[in-house]
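Here's the structure we're looking at; comments come further down.
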Amino acid sequence: GPGWRTRLARTTLYPSLLRDQRGLLVGLLLGIMAIAVVLHYGDLLPVLSEAAARSPVSLSTRQSLERILFLLPVVYATIVFGTRAGVAVLLAAGAILLPRALPGLGRTDHSLFETSGVLVAGSLLVLWVRAQRRELDAVRKSETETARLYVQLQESARRYRDLFENAGVPLFACSSQGTIVAANRECEELTGRTRQELMTMAVGDLLAPGAAEKQKESELQIQRGEAV
């Protein structure tokens with residue numbers, strides 16, 4: 001829903017946040033990659049291989065965690081730094097995984113499948129995050145345009161009020177029923193009534209006795225859409 005997208009935009013996509021915390025973000029990215037590398041090649045180190053043999057966590061679980069740790073930096077880099085960074089991290093993950101398929105390093109039976117799976121899943125995640133970023137960019141652009149139009153509307157309304165209020169001739173506005181809804185200072189001076197008094201009156205109240213009926217007829221013609 002839009003809630004999590006809004007939080008994503010506010011917490012990860014604003015350039016000011018990236019400028020202030022770029023070093024921390026890059027360090028976190030490299031840290032996750034380092035943990036994934038240690039898990040992937042840990043059995044080549046005697047200390048880690050002995051610990052892995054005694055670990056209650058099964059090999060399949062460790063391999064699943066390893067793949068997730070390789071995919072997390074891909075998603076993280078795409079969200080924070082953009083599509084190119086996500087692709088670069090994905091290629092780096094593939095380069096780290098691929099040597100296990102070479103003779104002499106072991107696990108050659110499934111390492112190619114494992115590497116292909118990470119690359120395919122990472123590519124799909126990059127495309128998904130890219131689509132979300134584009135949607136967020138479109139929303140922000142729409143919000144910016146709406147704010148700009150609102151400011152223009154407010155400025156136009158202010159200019160209209162100033163023009164109406166400071167006009168050198170009496171001006172008033174009325175509803176379709178002929179009730180006065182606004183009047184300027186010149187209209188107050190001409191009629192000798194305050195603005196509040198005028199807004200309790202109808203247009204016909206300001207006309208000469210003979211003109212009131214003609215005014216009502218004109219109002220009816222306007223309501224029927226006829227030319228006056």
Side-chain angles (χ1 to χ4, degrees), residues 1-44 48 52 55 57-102 105-151:
W4 71 263
R5 291 193 179 116
T6 302
R7 290 193 295 272
L8 177 66
R10 290 177 178 174
T11 57
T12 62
L13 301 182
Y14 285 149
S16 59
L17 178 62
L18 296 184
R19 285 194 300 267
D20 296 339
Q21 301 185 3
R22 182 175 294 272
L24 176 62
L25 297 175
V26 172
L28 182 58
L29 179 65
L30 294 177
I32 297 174
M33 289 291 288
I35 295 173
V37 170
V38 170
L39 287 176
H40 190 63
Y41 291 100
D43 58 314
L44 299 178
L48 293 180
S55 174
V57 181
S58 65
L59 177 61
S60 60
T61 302
R62 292 199 301 270
Q63 289 175 347
S64 299
L65 177 61
E66 172 190 312
R67 296 184 190 103
I68 293 173
L69 286 175
F70 273 113
L71 290 174
L72 278 179
V74 175
V75 177
Y76 182 82
T78 307
I79 291 176
V80 177
F81 299 109
T83 303
R84 292 182 179 179
V87 172
V89 173
L90 179 61
L91 294 176
I96 293 170
L97 288 167
L98 190 59
R100 294 310 300 256
L102 300 176
L105 293 181
R107 295 173 61 181
T108 57
D109 54 339
H110 66 275
S111 59
L112 187 59
F113 174 78
E114 178 183 284
T115 302
S116 301
V118 170
L119 290 175
V120 171
S123 300
L124 294 176
L125 288 171
V126 168
L127 292 175
W128 180 79
V129 174
R130 181 185 181 187
Q132 299 302 315
R133 286 175 62 94
R134 287 186 172 180
E135 186 175 343
L136 287 170
D137 290 340
V139 170
R140 286 204 303 274
K141 184 177 180 181
S142 176
E143 290 176 348
T144 302
E145 181 66 15
T146 301
R148 184 184 66 83
L149 293 176
Y150 177 77
V151 171

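What you see below is based on every heavy atom in this structure, not just the backbone, and it leaves out hydrogens, waters and symmetry mates.
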- Query: Got Val126 and Val87 here, is their nearest side-chain heavy-atom distance under 4.5 Å?
  - Reply: yes

- Note on the structure: All heavy atoms of Val74 vs all of Gly122, minimum pair found to be CG1-O, 4.0 Å

- Task: List for me each residue that meets salt bridge (Lys or Arg N to Asp or Glu O under 4.0 Å) alongside Glu145, sequence neighbours excluded, and say none if there are none.
- Result: Arg148

- Query: Do side-chain atoms of Ser123 reach the backbone of Leu119 as a donor and acceptor pair under 3.5 angstrom?
  - Reply: yes

- Could you state the interatomic distance from CG (Leu136) to CZ (Arg133), rounded to the nearest 0.5 Å? 8.5 Å

- Query: Who passes side-chain contact (heavy atoms from CB on, under 4.5 Å) against Arg130, sequence neighbours left out?
  - Reply: Thr83, Arg134

- Task: Not counting sequence neighbours, which residues clear side-chain contact (heavy atoms from CB on, under 4.5 Å) with Val118? List them please.
- Result: Arg67, Phe70, Leu71, Leu97

